[in-house]
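What you are looking at is a predicted structure, and each value in this text was computed from that prediction instead of being measured.
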Amino acid sequence: MDSDTSLEVDPAHTVDSAEADLDHESTYGSGSESGSLYSVARYHVFENGRRYHGYREGTYFLPNDQEEQDRMDLHHHVFLLSLRGELGLAPVQNPQRVLDLGCGTGIWAIDYADTHPSAEVIGTDLSPIQPIWVPPNCTFVVDDIESPWLWAANSFDYIHMRSLPGFIKDWPTLLSRIYRALRPGGIVELQDKYDFFHSDDNTLPASSSLPRWVDLWAQAAALAGRPWLEIVEHFDTLLAGAGFEGVEKRVLKVPVGPWPKEPRAKELGMFMQRHEYDGAESICVGPFTKVLGWDMKRVKKLVAEVRRDLVDPRVHCSIKFMACYGRKPLDA
């Protein structure tokens with residue numbers, strides 16, 4: 001739903017219903033069963049009971065273990081629900097070569113390859129955690145997108161990037177590389193969330209741990225030299241400044257929790273709540289211990305507080321979702 005749309009609270013949303021909703025099991029998947037072999041040497045680092053990427057160690061704060069992979073796939077599902085089943089909002093026509101930056105488990109690239117069988121889809125990530133069996137037109141590469149690119153100029157029709165603000169140091173350089181790699185008329189699309197835990201009806205108490213959680217993450221990102229929310233909020237300005245034309249953005253409101261009355265919003269809120277609840281520790285451990293200097297006892301205490309407040313049925317809050325795209329000029 002659009003960001004300026006008010007959501008009606010479901011009067012049946014109570015403490016008991018909130019607990020039942022959190023126990024709901026989701027079922028979704030990529031649906032891909034065709035395959036091409038993807039193999040690469042695997043090396044990982046283990047810290048605080050979680051597994052992290054070994055290649056360019058420390059570049060990305062979040063873990064890559066199975067628990068985190070489940071969160072990433074749930075995150076993908078939330079984005080699909082938000083976009084009403086679309087993988088992107090950019091008006092991409094007949095793409096022949098597509099690049100997904102920071103592909104994670106590869107679920108977006110796999111879905112895009114399945115729905116665009118004539119396109120070559122390439123996903124890149126620091127972690128080789130993508131499945132072996134993928135569509136024949138989909139491949140994955142272990143790569144650091146902040147290192148010099150080996151992709152040829154004018155070689156992609158569409159470049160997609162999701163949820164990387166907070167992990168990138170040099171956005172102007174990255175966007176210049178994207179611009180160079182796109183063919184004239186090619187499109188880049190950036191997606192992410194921002195304006196976390198906003199309550200239209202002022203039901204979020206001042207004592208809630210949720211805004212503090214976001215502030216701490218933003219503080220860690222800033223100290224690490226990897227700007228976060230200020231990047232998302234200015235996607236359009238950054239794309240225009242990098243030379244892209246026809247820049248468009250769309251902001252959607254995503255409820256947190258099954259409190260809305262409207263069925264689709266209720267479902268979306270339920271999955272968003274589950275994503276934040278399950279991912280609370282994954283999101284915290286790396287940046288809070290490595291950058292803020294916290295010990296695990298302090299991290300776990302905050303995680304417990306965040307999870308408690310996430311399922312408080314008295315709170316009706318939402319997160320904004322941003323999709324922004326721009327086109328490389330035809331005469332570039």
Side-chain angles (χ1 to χ4, degrees), residues 1 3-24 48 61-62 71 74-75 78 163 165-166 192-224 227-230 232-233 251-261 265-266 268-322:
M1 56 288 304
S3 61
D4 57 356
T5 301
S6 296
L7 297 173
E8 184 178 357
V9 177
D10 184 355
H13 181 59
T14 63
V15 173
D16 290 340
S17 69
E19 292 176 348
D21 289 329
L22 199 60
D23 288 335
H24 177 80
N48 296 310
F61 287 136
L62 304 192
R71 183 202 67 80
L74 179 55
H75 195 227
V78 170
S163 299
D192 208 348
K193 305 187 299 294
Y194 74 109
D195 195 14
F196 284 77
F197 308 119
H198 175 79
S199 176
D200 289 333
D201 60 2
N202 297 315
T203 54
L204 185 69
S207 60
S208 173
S209 65
L210 301 181
R212 181 163 54 93
W213 182 38
V214 175
D215 289 344
L216 286 166
W217 217 107
Q219 178 185 344
L223 289 172
W228 178 32
L229 296 177
E230 60 269 37
V232 185
E233 293 167 358
V251 179
L252 305 172
K253 182 184 294 183
V254 180
V256 181
W259 56 265
K261 186 176 181 180
K266 180 183 289 290
L268 178 56
M270 178 182 64
F271 281 111
M272 188 72 252
Q273 181 188 63
R274 170 59 77 178
H275 171 267
E276 299 298 301
Y277 189 97
D278 288 353
E281 182 176 301
S282 292
I283 294 168
C284 286
V285 174
F288 286 21
T289 59
K290 295 179 181 179
V291 181
L292 299 183
W294 287 25
D295 58 29
M296 279 303 296
K297 182 179 180 181
R298 189 177 179 185
V299 171
K300 288 183 177 295
K301 182 177 182 295
L302 176 62
V303 169
E305 293 171 354
V306 166
R307 287 176 169 167
R308 177 200 64 205
D309 293 343
L310 278 169
V311 299
D312 186 343
R314 299 167 297 181
V315 175
H316 312 135
C317 62
S318 61
I319 295 172
K320 286 182 180 177
F321 165 73
M322 167 88 76

In Å, rounded to the nearest 0.5 Å, how long is the span from CZ of F196 to CD1 of I319? 5.0 Å
Describe, in one word, how the ring planes of F61 and W217 are oriented to each other, choosing from parallel (under 30°), tilted (30 to 60°) and perpendicular (over 60°). perpendicular
Min side-chain heavy-atom separation P211-L204 under 4.5 Å: yes
D295 side, atom CG; K301 side, atom NZ - distance, nearest 0.5 Å: 11.5 Å
Quick one: are F197 and E276 in side-chain contact, heavy atoms under 4.5 Å? yes
Could you work out, with salt bridge (Lys or Arg N to Asp or Glu O under 4.0 Å) as the rule, every residue matching D195, not counting sequence neighbours? K320
Between L74 and F271, what is the shortest heavy-atom contact and its length? CD1-CD2, 3.7 Å
Does the side chain of L62 reach to within under 4.5 Å of the side chain of R71, using non-hydrogen atoms? yes
Could you tell me which residues satisfy side-chain hydrogen bond (donor to acceptor under 3.5 Å, both in side chains) with R212, sequence neighbours excluded, listed by chain and number? E305
Can you confirm whether W294 sits close enough to L216 that some side-chain heavy atom of one is under 4.5 Å from a side-chain heavy atom of the other? yes
Output all residues satisfying ring pair (Phe, Tyr, Trp, His ring centres under 6.0 Å) with Y194, sequence neighbours left out; order by chain, then residue number. none
Between H75 and K193, do the side chains contain a donor N or O and an acceptor N or O under 3.5 Å apart? yes
Heavy-atom pair with the smallest gap, counting every atom of V256 and Q273: CG1-CA, 4.1 Å
N-O pairing of R314 and D312 below 4.0 Å: yes
Where the side chain of W228 meets the backbone of Q219, is there a donor-acceptor pair that is under 3.5 Å apart? no
What's the separation between atom SG in C317 and atom CG in D201, rounded to the nearest 0.5 Å? 9.5 Å
Residues two or more places apart in sequence or in another chain: which of them pass salt bridge (Lys or Arg N to Asp or Glu O under 4.0 Å) with R298? none
Value rounded to 0.5 Å, distance of CG in L229 from CG in D215: 9.0 Å
Could you give the side-chain donor-acceptor pairs of residues 278-293 under 3.5 Å, partners two or more places apart or in another chain?
unit_1	atom_1	unit_2	atom_2	d
D278	OD1	R274	NH1	2.9
E281	OE1	K300	NZ	3.3
S282	OG	R50	NH1	3.3
S282	OG	R50	NH2	2.9
S282	OG	E68	OE1	3.1
T289	OG1	V285	O	2.6
T289	OG1	G286	O	3.4
K290	NZ	E47	OE1	3.4

Those residues that, when tested against F321, pass ring pair (Phe, Tyr, Trp, His ring centres under 6.0 Å) (two or more places apart): F79
Using only atom types and a distance under 3.5 Å, with no angle test, would you say the side chain of S199 pairs donor to acceptor with the backbone of H316? yes
List the steps and the verdict of side chain to side chain contact (heavy atoms under 4.5 Å, CB included) for H198 and D200. CA-CA 7 Å; H198 175 79; D200 289 333; 3.1 Å; yes
Could you tell me whether the side chain of V254 reaches within less than 4.5 Å of the side chain of M272, counting heavy atoms only? yes
Nearest heavy atoms of P260 and P255, plus distance in Å: CG-CB, 3.6 Å
For the atom pair CG (N48) and CE (M296), what is the distance rounded to the nearest 0.5 Å? 5.0 Å
